[in-house]
Amino acid sequence: MKQKKLSTKPSQRQLDPTQLPHVPESSAKCLIYQVFTRLFGNQNTTRKADGSYEENGCGKMNHFDAKTLRSIRQMGFTHIWYTGIIRHATTSDYTAHGIPAQHPQVVKGRAGSPYAIADYYDVDPDLAVDVDQRMHEFEALVDRTHQAGMKVIIDFVPNHVAREYHSICKPDEVHDLGQDDDVNMHFSTSNNFYYCWGQPLDLSLVSSADEKSVADYEEQPAKATGNDHFDNRPGRNDWYETVKLNYGIDYCDAGGRSEHFSPIPNTWGKMTDILLFWAKKGVDGFRCDMAEMVPAAFWTWATDKVKFCYPHVVFIGEVYNPQLYRTYLQAGFDYLYDKVGMYDCVRDVICGRRPAGDITQQWQSTDDIRDHMLYFLENHDEQRLASDFFAGDARKGVPGVMACAWMRTNPFMCYAGQELGERGMDAEGFSGCDGRTTIFDYWSLDTLVHGYFNRRRMTASEKSLMQTYQRIFHIAHSEAVSQGVFYDLMYVNPHMAARQYAFLRKSAHELMLIVVNFGADAASCDVVIPRHAFDYLQVSEGEVTATDLLHGDEQKLLMLADTPVPVTVSPYDARVYRIEL
């Protein structure tokens, strides 16, 4: 074919970038919106450090009304992960409602950690308008979410529970965790907990001697602490407010760690029943906290039973060891965190510590399980993109979101406030100023109030960033991204590898050329598309009309094998050229 001169000048016919495509009700691309339920709807601006529920207020399940859920759906999300639904240890007093009080010495912060579960069969009372109707309010929330076209994910915390765990809402036939334990045995498959023979819990490393309640909390014998701390004296950096659950592994026997899975340990049945209880409530998925601290054999047993009754339910595992990824996928998990891999790499690229070309190595390391890796750049454990501890500016994180959301067909997760530039730089109390949004304190975030409850108060930067995220997620629902083939172009474009990342996505009806710029300067890139790409993707060479889905302009591109295609990309931005086939 005779080569024609390439035109990079936009045509006069412009697309309105605000006119976004309708998000299909059933999309192959799973986009998860994680909300910390306690914070999301709270509009109290007192924000007193270490403030109480009465002082600082608290978000409610009812704040997720039909209008708010529509707004979340219109962003492009398919699932909502409601973090902190199940009742956990807190210093707030609900004894008037028959809920046992928790000793403040074994509660982190005033509000408490949502991962110190106090009753697996109960809903956290902080989240209810009518405490006595809290389960009904949750069931109504599930129904509203489904009516808005999204699925519901909640936490399942299988590894540990609150020190004072006691279920008041369990079904009558259920024996409580620890109820039948022999506390004179360190380990038994019939026990739900591990015990320190005859030794009381010693919290002297946790609380200073002058704290009023230091000697008040008693636990005899001491139970092992949730982060696999098996003596009676946890430290302040341990998960001292929790106790470890026993799944049949003896961590302290004479020969070291040993597994005892036959007969089936008592804890397996109890925890599987809890999963079935919530699945029956309409929950569509479980984000399983610290899943790798629980043996894969249990997950194989439990996920099989849950999916037999509820085939649609998905399991998302918090697994940080890449060597265990395939083991836990074989055990029934649908998706796993890609933290010690894609997250760490993209974070370093955003911060200028690694070249953008290193992203290639990360997807290659999990290519055989690519559809099961959950990409993210924020969650409740990680520092905010816009924090001083990360990028310092929400805009600098946008290229990372683009790359992670568009590269493959696997899921992507966004943490509430990320799309509005939340900085996480508050010193809320127990959490301190660490670049994270607190999970231990009663608090509120202006960004979320502006974005979902009072948009008249949105700043220009919040509005612009939210529109950008909406475009990103709508592009993720396009056929080429949600269902298509991925082709990495970096091996023939090493000249771009420092701050740009380029790839192709192709489906039956469209081809996309995507160039993401992590740099602070505009980039003029000569993007080479190798002959192998044309052959592999079965597309023809020649001049094409391409529409940039991000910015709306239309251009003529000459796409020939091994011939550079000039592409100009603004700082912290991308070009997403869509070519109709």
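Keep in mind it's a predicted model, so treat the numbers as computed, not measured.
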Could you check, using the six-membered ring where one of them is a Trp, whether Phe453 and Phe40 have ring centers closer than 6.0 angstrom? yes

Below 6.0 angstrom between ring centroids: does that apply to Phe412 and Tyr375? no

Kindly determine whether Glu292 and Tyr320 satisfy side chain to side chain donor-acceptor pair (under 3.5 Å), including the steps that lead there. CA-CA 8 Å; Glu292 70 180 85; Tyr320 291 121; over 6 Å; no

How about Tyr415 and Thr437: does a side-chain donor come under 3.5 Å of a side-chain acceptor? no

Report the relative orientation of the aromatic rings in Tyr335 and His372; use parallel for angles under 30°, tilted for 30 to 60°, perpendicular for over 60°. tilted

Does Thr438 form a side chain to side chain donor-acceptor pair (under 3.5 Å) with Glu428? I'd like the steps, not just the answer. CA-CA 7 Å; Thr438 181; Glu428 304 100 335; 4.6 Å; no

Greater than 12 external heavy atoms within 6.0 Å of Tyr536's OH: no

Please evaluate residues Arg287 and Thr83 with respect to the criterion side chain to side chain donor-acceptor pair (under 3.5 Å), reporting the C-alpha separation (whole Å), side-chain torsions for both, the decisive distance (0.1 Å), and the verdict. CA-CA 9 Å; Arg287 178 269 184 189; Thr83 305; over 6 Å; no

Check: Tyr501 ring centre within less than 6.0 Å of Phe518 ring centre: no

If you draw the axis of the six-membered ring of Phe376, does the NZ or CZ of Lys339 fall within 45° of it and under 6.0 Å from the ring centre? no

Look at the rings of Phe333 and Tyr328 and say which category their plane angle falls in: under 30° parallel, 30 to 60° tilted, over 60° perpendicular. tilted

Heavy-atom count around Asn237 CG within 6.0 Å, excluding the residue itself: above 12? no

Minimum heavy-atom distance between Ser482 and Lys29, given as atom pair plus value: CB-CB, 3.7 Å

salt_bridge(Arg395, Asp393) N-O dist < 4.0 Å: no

Carefully, step by step, assess Tyr452 and His63 under the rule side chain to side chain donor-acceptor pair (under 3.5 Å). CA-CA 10 Å; Tyr452 294 96; His63 286 143; over 6 Å; no

On the ring face of Phe390, is Arg384 found with NZ or CZ under 6.0 Å from the centre and within 45° of the axis? no

Do the side chains of Arg531 and Glu541 get close enough for a salt bridge, i.e. N-O under 4.0 angstrom? yes

Whether over 12 other heavy atoms sit under 6.0 Å from His146 NE2: yes

Taking every heavy atom of Pro411 against every heavy atom of Asp371, the minimum-distance pair comes out as CD-O, 3.9 Å

Would you please indicate yes or no on a ring centroid separation below 6.0 angstrom for Tyr115 and Trp239? no

Test your reading of the model: is there a side-chain donor-acceptor pair from Gln470 to the backbone of Gln74, 3.5 Å cut-off? yes

Determine whether more than 12 heavy atoms belonging to other residues, nucleotides or ligands lie under 6.0 Å from atom CZ of Arg457. no

